[in-house]
Protein chains: 2
Amino acid sequence: MSVDAETALAHAPPGHKDELRLWLRLLTCTTLIEGEIRSRLRRDFDTTLPRFDLLAALDRAPEGLSLGEVSRRMMVSNGNVTGLATRLEAEGLIERRARPGDRRAQLLRLTAKGRREFARQSAAHEGWIAELLAGVTPVERGALFRLLGHTKISVRNALPPEPSA
Amino acid sequence: MSVDAETALAHAPPGHKDELRLWLRLLTCTTLIEGEIRSRLRRDFDTTLPRFDLLAALDRAPEGLSLGEVSRRMMVSNGNVTGLATRLEAEGLIERRARPGDRRAQLLRLTAKGRREFARQSAAHEGWIAELLAGVTPVERGALFRLLGHTKISVRNALPPEPSA
DNA sequence: CCTCATTCCTTGAAGCCTAAACTATTCCAG
DNA sequence: CTGGAATAGTTTAGGCTTCAAGGAATGAGG
């Protein structure tokens with residue numbers, strides 16, 4: 001196809017290598033932190049990140065959430081939430097409750113045990129994150145937070161629009 | 001100092017809320033981008049991100065990589081790589097080759113078909129990332145890259161030391 | 001009333017992922 | 001040489017995840 005190796009190299013990437021390197025670094029940071037959090041959740045609480053995330057979502061919504069709402073907040077598929085909720089219900093951490101006036105929907109709520117358990121996990125989790133980010137100064141954290149805000153907007157704008165929201 | 005709402009807010013959590021918010025935003029950005037990339041890889045190439053990542057690792061190592069090396073570079077378990085390699089080998093994109101002098105190890109290499117296929121996917125992938133990050137200015141990208149470098153170091157320092165490296 | 005689109009959830013198939021147990025091979029110290 | 005530690009990969013059980021197909025209930029028009 002191409003004339004020689006140099007030509008191929010020169011025109012293949014129109015200069016998008018910077019964005020790629022940024023993305024790879026972003027991914028590495030997230031993967032490192034996430035992996036450590038998963039590992040500690042397993043070690044200290046014998047649980048998983050998705051379970052923790054689901055409990056966290058319910059903890060922020062004392063009135064309860066439908067499976068669909070949980071699915072949107074966690075950014076995972078609805079079928080995924082079904083299985084997750086089934087396991088957490090079996091462990092007695094959450095409960096399914098029919099929503100009055102709509103027999104399709106159900107509300108998920110933390111049980112008392114679930115609230116207790118999440119409080120323990122949540123406190124540890126917060127400490128872990130602080131520990132992992134301890135080497136980043138408050139000023140840097142502020143700058144990162146702001147820049148990641150821009151990044152989020154950039155990505156959202158490039159994404160296909162959601163059905164409703 | 002004093003006993004008012006401000007004080008209460010200030011001491012209840014030892015001040016780790018900032019780190020937590022930063023982490024959640026970092027996670028959101030990564031999840032958004034990653035989800036879109038997964039979706040496009042499926043739509044345009046009928047493949048997945050782990051497959052793409054494995055091909056990328058092999059593309060950067062023309063001499064081939066052992067399963068263990070791939071496992072370390074992708075930061076996934078070794079058992080995971082076994083299955084991934086099996087599927088990619090079945091599709092004819094990579095090949096297993098015995099390593100001379102060590103009957104335990106094998107080298108994974110891209111086949112000609114694998115190289116062709118990865119080149120197509122890689123070009124598209126690079127464009128997607130550039131598209132998603134188009135709303136972040138070059139200056140901001142530079143700052144982000146640097147700050148994420150600090151973050152990576154901070155996390156690595158807080159992590160349990162690896163066996164070897 | 002119907003009917004049809006929509007919403008909420010579940011199921012099933014397939015793939016990704018980990019930890020832990022296991023096999024085979026290599027390396028090393030005695 | 002030989003026994004045991006270390007290394008390379010595989011396997012297994014269980015959980016996470018998606019997509020696609022489908023069942024049940026709701027709601028809006030005719």
Output the rounded distance in Å from CG (B/Leu67) to C1' (C/dA24). 14 Å

May I have the distance from A/Leu65 (atom CG) to C/dC8 (atom C1'), rounded to whole angstrom? 14 Å

What does A/Arg99 touch in the nucleic acid at a heavy-atom separation under 4.0 angstrom: a base, only the sugar-phosphate, or nothing? nothing

Is it true that A/Arg109 and A/Glu63 make a salt bridge, defined as a side-chain N closer than 4.0 Å to a carboxylate O? no

Considering every strand and a 4.0 Å limit on heavy-atom distances, what is the contact class for B/Arg43: base, sugar-phosphate, or nothing? nothing

Of B/Ser39 and B/Asn80, whose nearest nucleotide on DNA chain D comes first from the 5' end? B/Asn80

Closest nucleotide among C/dT25, D/dC16, D/dC19 to the A/Arg51 side chain: D/dC16

Closest heavy-atom pair, B/Lys113 versus B/Glu91, reported as atoms and distance to 0.1 Å, is NZ-O, 3.0 Å

May I ask you to decide whether B/Glu117 forms a salt bridge with B/Arg120, counting only side-chain N to carboxylate O separations under 4.0 Å? yes

Contact under 4.0 Å: B/Thr82 side-chain N or O vs D/dT11 OP1/OP2: no

If only side-chain N and O atoms count, and only distance matters, is there a donor-acceptor pair under 3.5 Å linking A/Thr31 with A/Glu34? no

Can you measure A/Asn78 atom CG to D/dA20 atom P for me and round it to whole angstrom units? 12 Å

Taking the side chain as every heavy atom from C-beta outward, state whether A/Arg21 and A/Arg25 have any pair of such atoms under 4.5 Å apart. no

Out of C/dA19, C/dT26, D/dG9, which has the shortest distance to the side chain of B/Arg103? C/dT26

Report the distance from atom CZ of B/Arg42 to atom C1' of C/dC16, rounded to the nearest whole Å. 11 Å

Using a cut-off of 4.0 Å on non-hydrogen atoms, how would the nucleic acid contact of B/Arg96 be classed: base, sugar-phosphate, or nothing? sugar-phosphate

Just compare C/dT10, D/dT17, D/dG9 and give me whichever is closest to any side-chain atom of A/Gln106. C/dT10

Nearest-nucleotide check on DNA chain C, B/Met74 vs B/Gly101; residue mapping nearer the 5' end is B/Met74

Within residues 83-92 of chain B, the residues having a heavy atom closer than 4.0 Å to DNA chain C are B/Leu84, B/Arg87

With distance as the sole criterion, do the side chain of A/Arg104 and the base of D/dT26 form a donor-acceptor contact below 3.5 Å? no

Over all strands shown, is B/Gly68 touching base, sugar-phosphate only, or nothing at heavy-atom distances under 4.0 angstrom? sugar-phosphate

Heavy-atom closest pair, residues B/Thr30 and A/Trp23: O-CH2, 3.9 Å

CH2 (B/Trp128) and CG (B/Leu41) are apart, to the nearest 0.5 Å, by 4.5 Å

Can you tell me which nucleotide in D/dT17, C/dC9, C/dT26 comes closest to the side chain of A/Pro50? D/dT17

CZ of A/Arg38 versus C1' of D/dT17: gap in Å, rounded? 11 Å

Nucleotide D/dA8, atom P - distance to CG of B/Leu107 in whole Å: 12 Å

When the distance from CG of A/Asp53 to P of D/dT17 is rounded to whole Å, what number comes out? 8 Å

Could you check how far CD of B/Glu36 sits from P of D/dT18, rounded to whole Å? 14 Å

Under-4.0 Å salt bridge between A/Arg40 and A/Glu36: yes

